[in-house]
Amino acid sequence: TMSSQPQQYFDLNVPLPPSGRMHQAQICQARLHQLGYHGIAFCHTSFGRLKPERDDADKTLPWDQLLSSDVEIESESSFGRENSLGMKVYRRLNIVIEEVSDVSQLLLPSTADAQQASRELFQKYDIVSLQPMNEPVLQSMCELLSQSNEANSSNNLTNHVQIINLEYATG
């Protein structure tokens, strides 16, 4: 009898170089497809506070550079897009945070305009990850994320965060 282990899903997070992005994305997808991957997340990394003019997914990881021209790009997609090889392609935003003050500024914007701007920026990415660079930042992050289920959470953006990325190489 076959064991009834739950099916596991993995994606691969790939940072793209700024130059030759479309060519690199195509080569990468073809090679990973050969290796048996079903999903790939191309990543844009931002440091500290987000700036829409710098961190907008349509500028950092435009779909027309990630997917070959023979793929019909739907105007809206709930989670990722399928490439011509049948793989799911995702856009990921990784935010590296070194200052505790940046955690609350990011997850609890002080004004309605800032909330809306951040929400719109987050929603263009399929995956949002936070990368704390020290213990106080991690602690602040965890406190805010743990409060996200409370009634007063309508103002915060914690529900847009899927991953906390711990970089052990930094100590």
Side-chain angles (χ1 to χ4, degrees), residues 5-98 102-103 105-107 109 113-133 141 144-145 148 156-170:
Q5 289 186 344
Q7 189 170 4
Q8 294 181 335
Y9 296 94
F10 303 93
D11 69 42
L12 186 64
N13 172 21
V14 180
L16 283 176
S19 61
R21 204 166 258 208
M22 188 187 313
H23 181 66
Q24 290 295 325
Q26 299 308 318
I27 289 173
C28 194
Q29 288 174 67
R31 182 69 181 124
L32 292 172
H33 182 259
Q34 289 174 341
L35 294 171
Y37 282 87
H38 301 288
I40 179 171
F42 289 108
C43 187
H44 167 66
T45 297
S46 181
F47 295 85
R49 301 185 179 206
L50 296 177
K51 295 182 179 155
E53 66 276 6
R54 180 192 68 198
D55 298 314
D56 187 296
D58 293 334
K59 294 176 183 169
T60 62
L61 297 168
W63 284 118
D64 61 355
Q65 288 186 11
L66 301 181
L67 301 174
S68 59
S69 56
D70 60 338
V71 174
E72 188 177 317
I73 299 175
E74 322 97 56
S75 59
E76 291 294 323
S77 178
S78 57
F79 189 58
R81 308 241 172 122
E82 195 166 301
N83 68 11
S84 58
L85 302 168
M87 297 171 72
K88 276 292 228 178
V89 177
Y90 307 98
R91 299 194 293 189
R92 174 174 167 175
L93 173 62
N94 183 51
I95 308 164
V96 177
I97 305 177
E98 295 186 32
D102 288 345
V103 178
Q105 187 275 339
L106 182 72
L107 297 176
D113 285 349
Q115 284 173 30
Q116 185 61 24
S118 294
R119 187 171 282 111
E120 286 174 7
L121 197 144
F122 283 165
Q123 286 173 340
K124 287 189 177 183
Y125 288 93
D126 300 297
I127 302 166
V128 175
S129 60
L130 302 180
Q131 183 174 334
M133 297 305 287
M141 227 179 255
L144 278 178
L145 291 170
S148 67
N156 74 42
L157 298 170
T158 55
N159 58 335
H160 291 281
V161 176
Q162 290 87 18
I163 298 172
I164 294 181
N165 183 16
L166 300 176
E167 182 59 70
Y168 286 104
T170 64

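Both backbone and side-chain heavy atoms feed into the values below; hydrogens, waters and symmetry mates do not. Being a predicted model, the structure only gives us computed values, none of them experimental. Residue indices begin at 1 and follow the sequence shown.
- Applying the salt bridge (Lys or Arg N to Asp or Glu O under 4.0 Å) rule to pairs touching residues 23-49 yields R49-D102, sequence neighbours excluded.
- Closest approach of L157 and P109 over heavy atoms only: CD1-CG, 3.6 Å.
- Qualifying salt bridge (Lys or Arg N to Asp or Glu O under 4.0 Å) partners for D58, counting only residues two or more places apart in sequence or in other chains: R91, K124.
- A distance of 9.0 Å separates CE of M87 from NE2 of H38, quoted to the nearest 0.5 Å.
- Listed by chain and residue number, K51, K59 satisfy the side-chain contact (heavy atoms from CB on, under 4.5 Å) test with E53 (two or more places apart in sequence, or in another chain).
- Applying the side-chain contact (heavy atoms from CB on, under 4.5 Å) criterion to I27, with sequence neighbours excluded, gives H23.
- To the nearest 0.5 Å, atoms CD (Q131) and CG (N94) are separated by 5.0 Å.
- Checking L61, I163, D126 one by one against R92, the side chain to side chain contact (heavy atoms under 4.5 Å, CB included) holds for a single residue, I163.
- Closest heavy-atom contact between L107 and L130: CD1-CD1, 4.2 Å.
- Considering every non-hydrogen atom in both S46 and R54, the closest pair reads OG-NH2, 3.0 Å.
- Every side-chain contact (heavy atoms from CB on, under 4.5 Å) that E98 has, sequence neighbours left out, goes to M133.
- Under the 30°/60° scheme for interplanar angles, the aromatic rings of Y125 and H44 are found to lie parallel.
- For the pair P132 and I164, the tightest heavy-atom approach, listed with the atom from each and the gap, is CD-CG2, 3.9 Å.
- Heavy atoms only, all atoms of each residue included: G48 and I95 are closest at O-CG2, 3.5 Å.
- With sequence neighbours excluded, no residue forms a side chain to side chain donor-acceptor pair (under 3.5 Å) with S118.
- The CD atom of Q162 sits 11.5 Å away from atom OH of Y90, with the distance rounded to the nearest 0.5 Å.
- Applying the ring-ring contact (aromatic ring centres under 6.0 Å, His included) rule to H160 yields the partners F122; only residues at least two apart in sequence or on another chain are considered.
- Not counting sequence neighbours, R21 has no partner by the side chain to side chain donor-acceptor pair (under 3.5 Å) test.
- The side-chain contact (heavy atoms from CB on, under 4.5 Å) search around E120 returns Q116, not counting sequence neighbours.
- Annotation: the span from S84 atom OG to H33 atom NE2 amounts to 9.0 Å, rounded to 0.5 Å.
- By the salt bridge (Lys or Arg N to Asp or Glu O under 4.0 Å) test, D55 is found to be paired with no residue, residues two or more places apart in sequence or in another chain being considered.
- Nearest heavy atoms, L67 versus R81: CD1-CB, 3.8 Å.
- In this structure, the side chain to side chain donor-acceptor pair (under 3.5 Å) partners of Q29, at least two apart in sequence or on a different chain, are N83.
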